[in-house]
2 protein chains.
Amino acid sequence: MSVHLVDIATRVLLADPSASLGDVAKAAGIGRTTLHKRYPTRQDLVVALADSALDVVDEAVADVDLTRPTREVLDDLVAKLVPLGPRLEFLLRFPGLEQDPRVAERLDRMDQPFLAFVATGQQQGQLRADLPAWWVLHTFYGVIFTAWEAIAAGRLAPLDAPRLVLTTFLEGVRP
Amino acid sequence: MSVHLVDIATRVLLADPSASLGDVAKAAGIGRTTLHKRYPTRQDLVVALADSALDVVDEAVADVDLTRPTREVLDDLVAKLVPLGPRLEFLLRFPGLEQDPRVAERLDRMDQPFLAFVATGQQQGQLRADLPAWWVLHTFYGVIFTAWEAIAAGRLAPLDAPRLVLTTFLEGVRP
DNA sequence: ACTGTTGTGAACATGAGTGTTCACCTCGTC
DNA sequence: GACGAGGTGAACACTCATGTTCACAACAGT
């Protein structure tokens, strides 16, 4: 039940960041008072959603062995991250989220292992070394985000997403 | 003066979509009353910003000859679109913007010439034909968006952006 | 049966954003 | 100097999200 709440709240607030807490409560099928009891203020709710999303990401990434061959790691990451959909989108796009110092710090820490992985891939010649590591990482996020959008809009079948994301990210759009 | 207003309003609302009209007016250095005279309701303002941004895009793209060789067109597009920065970001990311049918329709129409250009490039073997045209286009938007973010965060020098965007988009991150 | 926990709706006070009106000011134009 | 077109702050009423309190219902564990 509680797991559903953060999921629903994420979806509602992502669809309309100015949605009222009443809307969130109604969508979750609980009373507004109950929502207030768990999350005294709106900010508390938002931070909790961010924290939960970061937990989900940490959990998903914990399964991925970043020391394996680059290509396999990327396969795994895409397979793990794409299904997270709105949860990760919330982290990357929710307006004003980075203003909370704790969340900002966690977001920053989330990038660290990935940045190290990219740097390693570059040193080993698996990834282009003429691009900044952060650029490679953010491009990766961007392509995944594009895939989510397409899935949400019904343009892309979820099962097609990993192939599209990986081939575009690795090889670009030139034949 | 009026040109500055839409620019400032775009920046303020993009940084915080829930910013009050008072905040917008103050940032623009005008009275809230004056803002109300030009844009009677908040929705009027938002739609006007979207319209103005679409005008800017139309104007920028009108200069680009989409029938020239693929690579040159992409060069031109990146050079034109990246500097638009927040204006185009507003179009792509402002929450709830697509709910206005007129704006949604214009957004859709904005994509048409680009989609045709991509399709042509695919037929001529300049772009991979095994990817949907809309995917290629949205990936392109995504990379440009990533570049804006990096510029705004001070990580990327504006003059470096076109090279980074184009090389990543065309060739991917594999050596 | 008793009790503590949890959820619930109703009601209230508060504050903020919004849209409107009005009197006043400051220009450039005639 | 008169005039009209914008721009301005002050003030008002209205709506709505918010946070809080309260009394009550459901339920689990004792």
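Order of the sequence lines fixes the chain letters, A, B, ..., with proteins taken first and strands second; residue numbering starts at 1 for each chain.
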5′-ward residue of the pair A:Pro40/B:Arg32 relative to DNA chain D: B:Arg32

Pair B:Arg87-B:Ser52, side-chain donor/acceptor within less than 3.5 Å: yes

Aromatic plane relationship, B:Trp148 with B:Phe145 - under 30° parallel, 30 to 60° tilted, over 60° perpendicular: perpendicular

Interatomic distance, B:His36 NE2 vs D:dA11 P [rounded to whole Å]: 17 Å

Whole-Å distance separating the OH atom of A:Tyr39 from the P atom of D:dT18: 16 Å

Closest listed nucleotide, where the reference is the side chain of A:Leu21 and the choices are D:dG7, D:dG19, D:dA11: D:dG19

Between C:dT6 (P) and A:Leu5 (CG): distance, integer Å: 15 Å

Nearest-nucleotide pick for A:Lys37, side chain only, options being D:dG7, C:dG7, D:dG19: C:dG7

Check: B:Trp134 and B:Thr139 side chains under 4.5 Å, non-hydrogen atoms: no

Among C:dG9, D:dG19, D:dT8, the nucleotide that comes nearest once only the side chain of A:Thr33 is considered: C:dG9

Shortest side-chain distance from A:Arg38, nucleotide among C:dG7, C:dT18, D:dG19: C:dG7

Sugar-phosphate, base or nothing in reach of B:Ser20, heavy atoms under 4.0 Å: sugar-phosphate

B:Thr41 and B:Asp44: side chain donor to acceptor below 3.5 Å: yes

N/O (side chain, B:Arg42) to phosphate O (OP1/OP2, C:dT18) under 4.0 Å: yes

Spacing of A:Asp16 atom CG relative to D:dA17 atom P, expressed in whole Å: 11 Å

Distance, rounded to the nearest Å, where A:Leu45 contributes CG and D:dA17 contributes P: 16 Å

Length of the line joining B:Leu35:CG and D:dT8:P, which is rounded to integer Å: 10 Å

